[in-house]
Amino acid sequence: MKTKYFLSSFLFIQILLLQIISFYPEQVEEWYSNGLYPILSLFSRTILGEIPFSIGDCLYFIVILFVFKWLWNKRKTWKSNWKDTLLSILSFVSVFYFLFHVLWALNYYREPLFEKMEIQKDYSDADLLAFTKKIIAKTNAVQNQLTKNDSLKVVFPYSQEQVFEMSMNGYKNLEAEHPYFAYSKLSTKKSLISLPLTYMGFGGYLNPFTNEAQVNYLGPMYSFPMTTNHEMAHQIGFASESECNFIGYLASVKNDDLYIQYSGYSMALRYCLSNWKARDEVVFKQLLNTVHPGIIKNYKESEHFWKQYDTIIDKGFHAFYDQFLKANQQKDGIEGYSKFINLMVNYYKEKDF
């Protein structure tokens, strides 16, 4: 009982400490994100990376079974022993919360990437328009190189396992320019729960306890490399979804392989077009008319896939995840995924593709 009291109290101490830690991003960056975390994450990826299936998914399954078994055993006594039941729940949450933050989630409190890379945060409509036109031209060019026909969609010739291995090349090239994006010891897995992830509307996730990048293997292949690179960005200590979209994009377009480059360019272009659709319908239509029909076919392929699984389940999980992100230093919530446009537009202001 004393242990339960301690762990329950420790949960509230952790919450208070995190509120204080949020005011010290430079210290988190130095001591955790560039200190303790790289050691912990490299250890996890080294131990688990060679295992061909997801240990993290298996652990979640075991924990869920344990919780259901515990609830079943408590079904008759939880009212009479409500105090002990409450302490048990708080103790479990306390341990889970501690491991979650120590093993990965303190990265939510590190310095923003735009400060680290000295990139401006804001941009004008003119900046966005210039960038969108550039990325349309680049995506069109890559699509044409791959298909030799602007009306054909890009079909990937690689297996998903090959994409995992090939993604290392993009990070190696990216590291040469920005050393803080270094990645070693591959640990990317096809998620065992890809079907539930699809119904929840997610292309992948990072398991913070095993540092395995879990990728949904059911979706269209043209977006698979970009999703993989996004989850790999989480592995190297970046928690913000917008930052991981940006890093995943850079790792994709800096890859030596054109198919993986296409995955990055086409995904970034899609975000830009969506942004314009919300800003100005006339400009959006004008821009869309300059995009190769083959690229639009890839977009429709993706749209058709996700529509098959569009239920109230994904809306519920997106609402939950939105609140989860907001509770973890990401004030834009799930909309933060599209905020990487800020980083892209300003990153390319002084350079070309």
Side-chain angles (χ1 to χ4, degrees), residues 33 37-61 99-100 103-108 113 156 158-175 180-198 200-255 257 260 263-264 267 321 324-325 328 337 340:
S33 298
Y37 176 73
I39 298 170
L40 295 175
S41 61
L42 182 60
F43 176 78
S44 296
R45 293 200 300 275
T46 301
I47 296 298
L48 303 177
E50 295 298 324
I51 299 175
F53 61 89
S54 171
I55 297 297
D57 284 347
C58 293
L59 284 177
Y60 279 160
F61 182 70
L99 292 175
F100 174 62
L103 294 176
W104 181 75
L106 279 176
N107 287 306
Y108 279 119
L113 189 58
F156 265 63
Y158 311 123
S159 69
Q160 291 170 337
E161 288 79 6
Q162 285 176 309
V163 170
F164 288 153
E165 294 289 342
M166 294 167 70
S167 294
M168 292 289 287
N169 169 259
Y171 272 94
K172 182 180 178 182
N173 293 339
L174 183 57
E175 178 190 356
Y180 39 81
F181 293 142
Y183 185 104
S184 60
K185 298 295 181 183
L186 186 68
S187 183
T188 51
K189 313 285 180 74
K190 293 193 290 187
S191 178
L192 300 175
I193 55 171
S194 287
L195 184 59
L197 282 178
T198 305
M200 289 187 280
F202 294 114
Y205 78 98
L206 172 76
N207 189 301
F209 305 102
T210 63
N211 210 256
E212 294 168 296
Q214 317 279 354
V215 186
N216 184 336
Y217 65 83
L218 297 176
M221 270 304 294
Y222 88 92
S223 60
F224 189 85
M226 176 66 189
T227 302
T228 299
N229 283 319
H230 172 103
E231 301 307 332
M232 289 169 72
H234 279 310
Q235 284 182 299
I236 58 175
F238 293 89
S240 164
E241 297 300 343
S242 61
E243 292 178 359
C244 286
N245 261 355
F246 176 63
I247 299 165
Y249 160 80
L250 288 179
S252 297
V253 301
K254 291 184 181 296
N255 198 290
D257 185 84
I260 295 181
S263 185
M267 193 61 62
Y321 192 53
F324 170 82
L325 291 174
N328 284 281
Y337 277 88
F340 86 111

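Remember, it's a predicted structure, so these values are computed and weren't measured experimentally.
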Chi angles and distances behind the side-chain contact (heavy atoms from CB on, under 4.5 Å) call for Phe164, Lys190:
CA-CA 10 Å; Phe164 288 153; Lys190 293 193 290 187; 3.9 Å; yes

Leu103 vs Asn211, test: side-chain contact (heavy atoms from CB on, under 4.5 Å). Steps then yes/no.
CA-CA 8 Å; Leu103 294 176; Asn211 210 256; over 6 Å; no

List the steps, then state whether side-chain contact (heavy atoms from CB on, under 4.5 Å) holds for Cys244 with Phe340.
CA-CA 8 Å; Cys244 286; Phe340 86 111; over 6 Å; no

Could you go through the side-chain contact (heavy atoms from CB on, under 4.5 Å) check for Glu231 and Glu212 one step at a time?
CA-CA 9 Å; Glu231 301 307 332; Glu212 294 168 296; over 6 Å; no

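With hydrogens and angles ignored, the 3.5 Å screen pairs a side-chain donor or acceptor of Gln160 with a backbone N or O of Tyr217. When atom types are taken as modelled, the side chain of Glu243 and the backbone of Phe238 share no donor-acceptor pair closer than 3.5 angstrom. Asn255 places a side-chain N or O within 3.5 Å of a backbone atom of Met166 that can act as its donor or acceptor partner. Of the possible donor and acceptor atoms, one in the side chain of Asn216 sits under 3.5 Å from a partner among the backbone N and O of Phe202. No donor-acceptor pair closer than 3.5 Å links the side chain of Ser167 to the backbone N or O of Asn229. With hydrogens and angles ignored, the 3.5 Å screen pairs a side-chain donor or acceptor of Gln235 with a backbone N or O of Ser187. In terms of modelled atom types and a separation under 3.5 Å, the side chain of Lys189 and the main chain of Ile51 share a donor-acceptor contact. Between the side chain of Arg45 and the main chain of Ser184, a donor-acceptor pair closer than 3.5 Å is present. Side chain of Ser54 to backbone of Ser191: no donor-acceptor contact under 3.5 angstrom is found.
Ser263 and Tyr222 get closest at one heavy-atom pair: OG-O, 2.7 Å. Ser252 and Pro225 make their closest contact through OG-O, 4.2 Å (heavy atoms, listed as atom of the first residue, atom of the second, distance). Shown here for Gly203 and Thr227, the closest heavy-atom pair between the two residues is O-CG2, 3.3 Å.
For the pair Ile260/Met226, no side-chain contact is recorded, criterion being any heavy-atom separation below 4.5 Å from C-beta on. Residues Leu218 and Leu197 form no side-chain contact, since every pair of their non-hydrogen atoms from C-beta on lies 4.5 Å or further apart.
To the nearest 0.5 angstrom, Ile55 atom CD1 is 11.5 Å from Ser44 atom OG. Note: Thr228 OG1 to Gln214 CD = 11.5 Å, rounded to the nearest 0.5 Å. Between His230 atom NE2 and Phe246 atom CZ the span is 14.0 Å, to the nearest 0.5 Å. Phe43 contributes atom CZ, which lies 12.5 Å from atom NZ of Lys185 (distance to the nearest 0.5 angstrom). To the nearest 0.5 Å, the span separating CG on Asn207 from CG on Leu59 amounts to 7.0 Å. Note that OG of Ser41 is 14.0 Å distant from NE2 of His234, once rounded to the nearest 0.5 Å.
No hydrogens or angles considered: a donor-acceptor pair under 3.5 Å links the side chains of Tyr205 and Asp57.
Ring geometry, Phe209 versus Phe100: the interplanar angle falls from 30° to 60°, so the pair is classed tilted. Classification of the Tyr158-Phe156 ring pair by plane angle, with boundaries at 30° and 60°, yields perpendicular.
You'll find the ring centres of Tyr171 and Tyr183 inside the 6.0 Å limit.
Each of Ile236, Leu106, Asn107 was compared with Tyr37 under the side chain to side chain contact (heavy atoms under 4.5 Å, CB included) criterion, and only Asn107 meets it.
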